[in-house]
Amino acid sequence: MEKRLLAIAAMAALLAFVPRTATAQYRESETVMDRLIWDDEKLNILLDTRFDLRLTTGNSDGKELGFRAQTIKLWLTGEIVPGIRYRLRQKLNKSLDALRDNYASGTDHAWISFDVGKTKLWTITAGKQSINFGTFEYDYNSADVYLSTMINDDVDSHKAGVDVAYRAGKQTLHIQVVNSDATQFASDEYKNKGLGATFLWEGNLWDGKVKTRWAYSAFQHTRTRFYNWVTTGIQGNAGGFTVEADYYLGERNMDYGTIVDEASGTLSFVRDQSAALNLKYTAGRWHPSVKGVWNQRRDRELGRRAYDGWGIQALIEFYPFTAKYVKDLRFHAAWWYNRTDFAGPYAGLPNSGGHTALVGMRWLFKAK
């Protein structure tokens with residue numbers, strides 16, 4: 001009996017010891033996928049959403065009131081080994097239909113980047129990524145934008161391609177080549193073979209007191225014709241104050257029939273302009289701001305201005321928590337007014353305007 005008890009005790013001790021030994025050996029020989037599963041630095045899973053109760057007036061249907069998910073996204077991001085990073089960002093409320101690049105239309109990002117060179121001053125990013133337009137408004141997560149300029153609101157902004165970045169001190173220069181297959185840019189003949197190029201300077205001057213996002217972009221429309229874009233942003237920081245001035249100017253094909261009460265479905269060649277001025281202040285957990293936007297559309301085929309628009313916004317954001325996993329949870333309230341003034345061939349149309357008020361919450365939650 002005693003021998004049997006000693007055998008059972010020895011077996012229990014062995015079983016208690018084996019898992020720790022096996023785990024250690026397993027972790028030492030784990031594959032890349034094993035490291036992604038177990039190492040937070042290599043695999044971060046984030047859920048990103050904003051949820052609002054929204055009231056809008058001035059629409060064709062009159063008032064609209066209801067709850068709305070402004071965005072809902074799933075992020076997978078991390079660093080596999082030092083200098084090799086990746087990101088997958090998927091909209092969960094967008095179509096999964098494959099585009100020319102064979103990514104789903106709801107896939108914002110699906111890229112991997114490599115730091116190269118002895119000094120690691122060069123970074124190459126390949127895959128689906130944000131087009132390198134300038135402006136700070138464009139660079140924000142869409143969940144952090146309330147009143148948007150016309151161009152930022154509807155530009156086709158995610159494409160498959162390659163970006164090469166070079167860091168010189170605190171300045172970063174980008175050269176990017178992407179597909180030019182958006183209806184806004186490519187003709188039917190070139191939507192499956194057109195390319196676009198962007199050149200971006202991300203500047204940091206006087207220890208961050210002034211930052212820049214200046215870019216030039218050209219998107220192929222036909223074999224010999226490109227649509228050109230200039231997008232600039234400058235940011236000033238002093239104490240708790242931040243001011244951002246953004247400007248867009250570019251050519252594209254747009255269907256704006258519903259705006260001017262004409263039959264929609266026809267693309268017009270337009271030159272669009274937008275500008276934004278955003279003044280923000282950080283007072284602890286409270287982040288108030290005011291923003292103004294201006295838009296103009298000129299129909300190049302008609303040779304005349306189609307309409308102007310402007311808007312003004314007041315916003316307050318509140319971050320109640322400071323703990324690591326909930327520090328990005330916020331509550332917000334916003335109001336803005338938008339107006340459109342018709343001109344040229346549409347000057348006879350009544351000008352339109354409307355108010356929007358909303359309250360809601362946004363959180364970027366690290367699930368792993």
Side-chain angles (χ1 to χ4, degrees), residues 77 79 82-83 85 87 109 111 113-125 129-149 151-152 155 157-158 161-178 196-218 228-250 273-284 286-295 313 315 317 319 327-328 364:
T77 182
E79 188 171 38
R85 297 171 299 279
R87 178 186 296 173
H109 293 163
W111 54 253
S113 68
F114 305 85
D115 295 336
V116 297
K118 291 183 179 180
T119 55
K120 306 297 184 183
L121 297 179
W122 294 87
T123 299
I124 299 174
T125 301
Q129 55 198 274
S130 297
I131 297 175
N132 282 341
F133 287 113
T135 81
F136 286 89
E137 179 193 54
Y138 173 82
D139 196 43
Y140 281 118
N141 188 310
S142 60
D144 297 322
V145 178
Y146 301 84
L147 172 64
S148 177
T149 59
I151 293 175
N152 184 66
V155 71
S157 55
H158 302 100
V162 175
D163 173 65
V164 178
Y166 175 71
R167 289 176 294 280
K170 295 182 179 180
Q171 320 306 313
T172 305
L173 302 175
H174 295 259
I175 299 177
Q176 181 188 56
V177 178
V178 295
T198 71
F199 306 89
L200 171 68
W201 169 40
E202 290 183 294
N204 186 323
L205 308 171
W206 300 295
D207 293 326
K209 291 184 174 61
V210 175
K211 295 183 178 181
T212 64
R213 284 185 58 86
W214 294 2
Y216 167 76
S217 310
N228 300 289
W229 282 77
V230 173
T231 51
T232 63
I234 187 165
Q235 180 190 83
N237 298 284
F241 288 96
T242 296
V243 60
E244 295 166 344
D246 295 321
Y247 177 69
Y248 310 75
L249 172 65
Q273 294 187 79
S274 287
L277 182 65
N278 195 7
L279 177 61
K280 303 183 290 184
Y281 181 66
T282 299
W286 296 92
H287 297 188
S289 66
V290 292
K291 180 180 181 180
V293 301
W294 170 82
N295 308 293
Q313 166 199 282
L315 165 70
E317 296 175 326
Y319 293 81
K327 63 183 179 63
D328 291 317
L364 183 62

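- Around the CH2 atom of W214, the shell of radius 6.0 Å holds no more than 12 heavy atoms that belong to other residues, nucleotides or ligands.
- Note: R85 CZ to T77 OG1 = 9.5 Å, rounded to the nearest 0.5 Å.
- Closest approach of A276 and T149 over heavy atoms only: CB-CG2, 3.8 Å.
- The side-chain heavy atoms of E317 and Y146, taken from C-beta on, include a pair separated by under 4.5 Å.
- Contact between A215 and G134 at its shortest, heavy atoms only, is CB-N, 3.4 Å.
- When every heavy atom of G208 is checked against every heavy atom of N237, the shortest pair comes out as O-ND2, 3.1 Å.
- Partners of Q129 under the side chain to side chain donor-acceptor pair (under 3.5 Å) rule, at least two apart in sequence or in another chain, are Q176.
- Checked by atom type and distance alone, the side chain of N132 never pairs as donor or acceptor with a backbone atom of L200 at under 3.5 Å.
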Check step by step if side-chain contact (heavy atoms from CB on, under 4.5 Å) holds for D163 and I124.
CA-CA 6 Å; D163 173 65; I124 299 174; over 6 Å; no

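- Of all non-hydrogen atoms in T123 and S113, the two that sit nearest each other are CG2-CB, 4.1 Å.
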Go through the steps to decide whether Y166 and L121 satisfy the test side-chain contact (heavy atoms from CB on, under 4.5 Å), and finish with yes or no.
CA-CA 6 Å; Y166 175 71; L121 297 179; 3.9 Å; yes

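- Looking at residues two or more places apart in sequence or on another chain, you find no side chain to side chain donor-acceptor pair (under 3.5 Å) involving N204.
- With contacts defined as side-chain heavy-atom distances shorter than 4.5 Å, the pair T198/I131 qualifies.
- Ring geometry for H109 versus H158: interplanar angle over 60°, hence perpendicular rather than tilted (30 to 60°).
- In this structure, the side chains of Y138 and S157 come closer than 4.5 Å at one or more pairs of heavy atoms.
- Between the CD atom of E202 and the CZ atom of R167 there is a distance of 10.5 Å, given to the nearest 0.5 Å.
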Walk me through whether N278 and S289 qualify under side-chain contact (heavy atoms from CB on, under 4.5 Å).
CA-CA 7 Å; N278 195 7; S289 66; 4.1 Å; yes

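- Every side chain to side chain donor-acceptor pair (under 3.5 Å) that S142 has, sequence neighbours left out, goes to K73.
- To the nearest 0.5 Å, the span separating CG on D139 from CG on N152 amounts to 10.0 Å.
- Residues meeting the side chain to side chain donor-acceptor pair (under 3.5 Å) test with Y248, sequence neighbours left out: T135, E137.
- Annotation: I175, atom CD1; neighbour count of heavy atoms from other residues, nucleotides and ligands within 6.0 Å does not exceed 12.
- Ring planes of F133 and W229: perpendicular class, angle over 60° (limits at 30 and 60°).
- For the residue pair D328 and Y319, no side-chain donor N or O sits within less than 3.5 Å of a side-chain acceptor on the partner.
- By the 4.5 Å heavy-atom criterion applied to side chains, K327 and L364 are not counted as neighbours.
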Pair D115, W122 - check side-chain contact (heavy atoms from CB on, under 4.5 Å), show working.
CA-CA 6 Å; D115 295 336; W122 294 87; over 6 Å; no

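- Between E244 and K280, at least one side-chain nitrogen of the basic residue sits less than 4.0 Å from a carboxylate oxygen of the acidic one, meeting the salt-bridge criterion.
- Looking at heavy atoms from C-beta onward, L277 lies in side-chain contact with V243 at the 4.5 angstrom threshold.
- If you take OG1 on T125 and CH2 on W111, they are separated by 6.0 Å, rounding to the nearest 0.5 Å.
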H174 vs F199, test: ring pair (Phe, Tyr, Trp, His ring centres under 6.0 Å). Steps then yes/no.
CA-CA 6 Å; H174 295 259; F199 306 89; over 10 Å; no

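- Within the 4.5 Å cutoff, no side-chain heavy atoms of Y281 are placed close to those of T242.
- For Y140, the ring pair (Phe, Tyr, Trp, His ring centres under 6.0 Å) test picks out no residue, with sequence neighbours left out.
- Scored by the salt bridge (Lys or Arg N to Asp or Glu O under 4.0 Å) test, K170 finds D207 as partners (sequence neighbours excluded).
- Looking only at side-chain heavy atoms (C-beta outward), V293 and Q313 stay at 4.5 Å or farther from each other.
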